[in-house]
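The structure appears below as structure tokens.
Letters A, B, ... mirror the listed sequences (proteins, then strands); counts begin at 1.
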2 protein chains.
Amino acid sequence: MPKINSETRNRILKAAWQLLESNQGSGVRMSDIAKRAGVSRQAVYLHFETRLDLLVATTLYLDEVKGIDERLAPSRTAPDGRSRLTAFIDAWGNYIPEIYGVAKALMTLEATDIVAAEAWKGRMQAVRHGCAAAIHALERDGQLSTAYTVEQATDLLWVLLSVRSWEQLIRDSGWSQADYIDHMQTLAHAAFVR
Amino acid sequence: MPKINSETRNRILKAAWQLLESNQGSGVRMSDIAKRAGVSRQAVYLHFETRLDLLVATTLYLDEVKGIDERLAPSRTAPDGRSRLTAFIDAWGNYIPEIYGVAKALMTLEATDIVAAEAWKGRMQAVRHGCAAAIHALERDGQLSTAYTVEQATDLLWVLLSVRSWEQLIRDSGWSQADYIDHMQTLAHAAFVR
DNA sequence: AGTTTACTTGACATAAAGTCAAGTTGATAA
DNA sequence: TTATCAACTTGACTTTATGTCAAGTAAACT
């Protein structure tokens with residue numbers, strides 16, 4: 001396998017990203033990506049063993065290019081639990097549309113491929129950690145609703161902020177992104193802050 | 001195409017149901033269903049044009065066999081909005097695990113097949129109507145939270161009660177069915193009842 | 001000059017859905 | 001009794017995309 005930081009590899013990742021974004025994650029074949037990157041289909045397999053590997057690598061590439069860590073920083077430095085919850089929903093909720101295409105492609109694989117399911121689950125663990133941090137902060141402030149354990153509240157917030165939920169509200173129900181952020185924050189506060 | 005109420009047709013539907021349920025909606029091929037029903041693979045295509053048609057027919061078959069209408073009756077006759085919300089979550093939430101296998105198979109198709117996406121969306125409209133009815137009842141009681149319009153609250157409740165959300169909590173996060181019902185009711189009340 | 005690395009070319013394997021054409025069988029009707 | 005018809009069987013074929021394999025090319029390094 002060629003170098004991990006090769007020119008070609010990056011061109012493939014960029015091509016995958018662009019195609020998945022413009023096609024909303026569906027109908028993008030390995031050959032399409034190869035063509036867009038200006039390499040042969042087999043060159044793609046030289047850098048990524050499977051389509052799944054390529055998709056996972058693309059999400060990591062996006063995280064880096066988009067600077068997800070920096071974007072989550074405000075939520076980590078929030079002074080109290082409530083503002084941390086608000087900031088996290090803002091940061092993550094506004095990140096979803098930027099990665100939706102790639103995420104959707106991974107979720108599609110997830111349905112039939114066990115390995116893909118694990119990979120997607122792994123990627124979503126990062127989001128869960130963010131949820132857990134916000135809930136823990138509430139708990140430390142003595143502001144967590146008594147209706148749930150920390151674990152349960154984390155799981156519920158995680159569901160609320162899942163890509164699936166975003167997808168249903170934005171794409172099926174026609175919500176605007178601004179409404180999504182706004183009402184998710186309201187709902188999360190009503191549910192978890194006492 | 002053979003009669004709509006044929007013996008063979010029902011055997012196929014039952015076979016599809018049983019296989020999808022025991023395999024949780026994945027890895028069930030047309031040939032598996034045919035084998036289980038004791039007919040040839042082509043006989044299946046004699047009754048159902050495509051796999052999607054078969055899956056949709058299976059959900060309708062299940063709704064009939066399981067008596068979904070009767071099970072939703074208590075929520076329709078609830079005296080006030082709050083109890084209607086509680087009853088609806090109870091009825092629908094406890095129905096999900098019984099149809100999960102078939103639902104999952106449809107959701108898998110949904111990802112790649114536009115026709116399937118429409119079909120699934122259509123089936124889920126019934127659930128949305130239930131959500132809308134509960135929210136409207138709250139509104140009539142003057143008990144709906146002022147944070148949302150009726151439409152928005154309906155959409156949010158719909159997301160909370162989606163099969164995807166159930167799947168994430170029960171299958172990914174390991175919740176018990178009882179906890180799911182319980183906390184969904186709590187959350188919905190906290191979010192929508194003022 | 002020889003070897004390695006990255007890539008190309010083109011043929012092949014695989015899986016499952018769906019199609020097609022020709023046959024079988026049992027019931028019904030002339 | 002024979003003809004017909006609906007329901008079903010049998011088996012071959014098409015399609016689509018992923019992934020594999022083997023052989024070749026071309027530039028860069030040693």
Side-chain angles (χ1 to χ4, degrees), chain A residues 1-16 19-20 23 25-58 102 104-117 119-120, chain B residues 1-16 19-20 23 25-58 102 104-117 119-120:
Chain A
M1 202 180 299
K3 285 178 198 153
I4 210 73
N5 220 341
S6 111
E7 163 71 26
T8 302
R9 190 187 137 102
N10 279 332
R11 278 224 313 283
I12 294 169
L13 287 171
K14 198 172 173 185
L19 282 176
L20 288 167
N23 289 29
S26 77
V28 175
R29 295 162 298 188
M30 295 297 268
S31 54
D32 298 323
I33 295 167
K35 191 175 292 176
R36 172 122 198 183
V39 297
S40 69
R41 192 168 70 91
Q42 274 55 31
V44 178
Y45 284 101
L46 239 46
H47 288 273
F48 307 95
E49 287 198 4
T50 66
R51 188 176 132 93
L52 172 61
D53 284 344
L54 171 54
L55 292 180
V56 171
T58 306
V102 186
K104 177 74 177 180
L106 259 174
M107 292 190 299
T108 300
L109 275 195
E110 182 198 11
T112 46
D113 181 343
I114 289 176
V115 183
W120 175 244
Chain B
M1 203 179 301
K3 284 175 198 156
I4 210 74
N5 220 341
S6 111
E7 164 71 26
T8 303
R9 191 187 135 99
N10 279 332
R11 278 223 313 283
I12 293 169
L13 287 171
K14 197 172 174 185
L19 282 176
L20 287 167
N23 290 326
S26 77
V28 175
R29 296 161 298 188
M30 294 297 269
S31 54
D32 297 324
I33 295 168
K35 191 176 291 176
R36 172 120 196 184
V39 297
S40 69
R41 192 168 69 91
Q42 275 54 32
V44 178
Y45 284 102
L46 240 47
H47 288 273
F48 307 95
E49 288 198 1
T50 65
R51 188 175 133 92
L52 172 60
D53 285 343
L54 171 55
L55 292 181
V56 171
T58 306
V102 186
K104 177 74 177 179
L106 259 174
M107 292 190 298
T108 300
L109 275 195
E110 183 199 11
T112 47
D113 180 344
I114 288 176
V115 184
W120 175 243

A/L46 CG to D/dA26 C1', straight-line distance once rounded to whole Å: 15 Å
Separation of atom CG in A/D113 from atom P in C/dA15, rounded to whole Å: 15 Å
Nucleotide D/dA17, atom C1' - distance to CG of A/L109 in whole Å: 12 Å
A/S40 side-chain proximity, nearest of C/dT9, D/dT18, C/dA6: C/dT9
A/L55 CG - D/dG19 C1' separation (whole Å): 15 Å
Sugar-phosphate only, base, or nothing, as touched by A/R9 at under 4.0 Å among non-hydrogen atoms: nothing
Spacing of B/K35 atom NZ relative to D/dT9 atom P, expressed in whole Å: 14 Å
Donor-acceptor contact below 3.5 Å, side chain B/D113 vs main chain B/V115: yes
B/I4 CD1 to D/dA7 P, straight-line distance once rounded to whole Å: 11 Å
B/E49 atom CD, neighbour heavy-atom count above 12 within 6.0 Å: no
Angle between terminal axes - the helix from C/dA1-D/dT30 to C/dA30-D/dT1, 5 pairs each end, rounded to 10°: 20°
Sugar-phosphate only, base, or nothing, as touched by B/T50 at under 4.0 Å among non-hydrogen atoms: sugar-phosphate
Exam field: side chain B/R11 to backbone B/A37, donor-acceptor pair closer than 3.5 Å: yes
Whether B/R9 side chain and B/I4 backbone form a donor-acceptor pair below 3.5 Å: yes
Nucleotide of D/dT18, C/dA6, D/dT9 approaching A/R51 most closely (side-chain heavy atoms): D/dT18
Atom pair distance, as rounded to whole Å: CZ in B/R29 and P in C/dT14: 15 Å
Expected output: side-chain B/S6 to main-chain B/P2 donor-acceptor under 3.5 Å: no
NZ/NE/NH1/NH2 to OD/OE distance under 4.0 Å, B/R29 and B/D32: yes
Minimum-distance nucleotide to B/R41 side chain [options: C/dT9, C/dG18, D/dT9]: C/dG18
Phosphate-side-chain proximity, A/H47 and C/dC7, N/O vs OP1/OP2 below 4.0 Å: yes
C/dT9 base / A/Q42 side chain donor-acceptor hit below 3.5 Å: no
B/L106 side chain near B/L52 side chain, heavy-atom distance below 4.5 Å: yes
Gap between atoms CG and P, on B/D53 and C/dG18 respectively (whole Å): 9 Å
